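Just so you know, ligand 1 is whichever comes first in the structure, and atom 1 is the first atom listed for that ligand. This is a predicted model, so every value here is computed, not measured.
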Amino acid sequence: MLAVGLMSGTSADGITAVLAQTGRRFKVLACRTFAYPPAVRRRVLSAAGLRAPEISRLNMELGGLFADAALGIMGGRRVRVIGSHGQTVWHGPDADPPNTLQLAEPSVIAERTGVTVVADFRPRDMAAGGQGAPLAPAFDEFLFGRGPLKALQNIGGIGNVSVAGKGRLWTAFDTGPGNCLMDLAASLGTGGRLAMDKNGRLAARGKADERKVVLLLKEPFFLKPPPKSLDRSDFGERYLRSHLGRISRDNVSDILATLTLLTAASIADSYRRFILPRFKIRETLVSGGGSRNPVLMRLLRDLLKPVPVAVSDLADMPAMAKEAACFAWMAARAVHGRPNNCPQATGAAGPRVLGKIVPA
Ligand SMILES: Nc1ncnc2c1ncn2[C@@H]1O[C@H](COP(=O)(O)OP(=O)(O)O)[C@@H](O)[C@H]1O
Ligand SMILES: [Mg+2]
């Protein structure tokens, strides 16, 4: 059966839409990212400060944009189900009670596409005592569980890793910042002209402050053993300003070099602490937008030696498609009443069917 997956991650760069063949064999047939209009992106990034009427409106508006993305990727084909992650505007796994909020009203997507929509996956995992994140490990286990041991590293706004193979998923957790600090610094240092350090061009010209990186890696989050999950707000403007000072045209390259190193080193460090001593992994496969940054990839390769690091561009699953594909897969399981969470990764009390179903 055909399923669509819709995802906008913490980068808030836009909606990644995937059309996939699901079932025993999972195959991505098409993948495209529909960029957010700049004004929408700005509101999403500052959504934590919006008031209820504005949040409510943004929810319906994003529903419309997600519906457009679904229709765009469907191209007139008949689809059984759409899995929509929505846009996280708040994630508070350590609050009392733990809470999380994803926007992009699924009723709008169902109404506009005429397809059953499964959305809002995280709250059920939290209600069952989990962190509501990361969700991808269940899909990693499905894709890679039967092969040799591998680390599957996604680098979106936040970085997260799963270790899967030899019959199961072994561990999974957020490694720290993904692209979020680099994106923010690129924007702040260019007066909003750049939304990312494309191909690591700025970082390649700068000089990293290695001592600062060593110091920053001593922060509690990095030392805490899994399970653990993060929100972009943990690595936001306040973090940047307090640890790296003012960012201007003059120092933006050096700051990006430092943040690119911090990102790579936080991943490598977490492997040395929590993965390599316990698991003999054969390689690391990198997915998500960070896999498109050659400076970041080079640093990661250096720091993880002798473990090989490759971009996770598989025939059935391009690196940029994996997160969105995960929600197509989760939705297909949800409509059949089959569990789709990963209790080992989130700390939930057990297997659960995540997602709320809006009928076609
Ligand atoms: N060519 C590139 N060079 C550097 N960074 C890139 C490139 N392409 C994408 N990215 C990074 O990837 C991010 C988007 O990655 P994505 O996997 O969609 O993350 P998320 O799941 O958080 O939306 C962008 O914000 C940007 O930082
Ligand atoms: Mg994205």
Can you find an N or O of [X] that's nearer than 3.5 Å to an N or O of ligand 1?
{"X": "S8", "result": "no"}
{"X": "E323", "result": "no"}
{"X": "G156", "result": "no"}

For ligand 1, is any non-hydrogen atom under 4.0 Å from [X]'s backbone (N, CA, C, O), its side chain (CB onward), both, or neither?
{"X": "T10", "result": "both"}
{"X": "R292", "result": "both"}
{"X": "N199", "result": "both"}
{"X": "I158", "result": "neither"}

Nearest to [atom], what protein heavy atom do you find, and at what distance?
{"atom": "atom 21 (O) of ligand 1", "result": "G9 CA, 3.5 Å"}
{"atom": "atom 14 (C) of ligand 1", "result": "D13 OD2, 3.4 Å"}
{"atom": "atom 27 (O) of ligand 1", "result": "D183 OD1, 2.6 Å"}

Original post:
Heavy-atom distance to atom 9 (C) of ligand 1: which of G289, G290, G159, A12 wins?
Top reply: G289

**OP:** Pick, from M7, H85, M196, the option with the minimum heavy-atom distance to atom 6 (C) of ligand 1.
**Re:** M196

Original post:
If you link I, L, V, M, F, W and Y whenever their side-chain heavy atoms are under 4.5 Å apart, who else ends up in the same group as L215?
Top reply: none

**OP:** Tell me who clusters with W329, hydrophobic residues only, linked when side chains sit under 4.5 Å apart either directly or through other members.
**Re:** M1, M7, V18, F26, V28, V81, V118, F121, L135, F139, F142, L143, F144, L152, L285, L314, M317, F327, M330, V335, L354, I357

**OP:** Kindly indicate, with the supporting measurements, whether the criterion side-chain hydrogen bond (donor to acceptor under 3.5 Å, both in side chains) is fulfilled by S266 and T175.
**Re:** CA-CA 7 Å; S266 70; T175 49; 5.3 Å; no

Within the 3.5 Å criterion, strictly below it, is a donor on [X] or [Y] matched to an acceptor on the partner's side chain?
{"X": "S11", "Y": "N179", "value": "no"}
{"X": "Q153", "Y": "T284", "value": "no"}
{"X": "S56", "Y": "E54", "value": "no"}
{"X": "H85", "Y": "R122", "value": "yes"}

Original post:
What's within reach of the Mg ion (ligand 2), meaning protein N/O/S atoms under 2.8 Å?
Top reply: D13 OD1

Subject >> Set of side-chain hydrogen bond (donor to acceptor under 3.5 Å, both in side chains) partners for N341, sequence neighbours left out >> reply: D125

When rounded to the nearest 0.5 angstrom, what distance separates [atom1] in [X] from [atom2] in [Y]?
{"X": "I155", "Y": "E323", "atom1": "CD1", "atom2": "CD", "value": "11.5 Å"}
{"X": "D183", "Y": "M196", "atom1": "CG", "atom2": "CE", "value": "6.5 Å"}
{"X": "F235", "Y": "E219", "atom1": "CZ", "atom2": "CD", "value": "7.5 Å"}

Subject >> Aromatic plane relationship, F274 with F173 - under 30° parallel, 30 to 60° tilted, over 60° perpendicular >> reply: perpendicular

Subject >> Atoms of ligand 1 close to G288 [distance to a heavy atom under 4.0 angstrom, numbered from 1] >> reply: 17 (O)

Original post:
Counting each atom of ligand 1 from 1 as listed, which ones have a heavy atom of G157 under 4.0 Å away?
Top reply: 19 (O), 20 (P), 22 (O)

**OP:** Locate the shortest heavy-atom distance separating S8 from I15; write the atom from each residue and the value.
**Re:** CB-CA, 4.4 Å

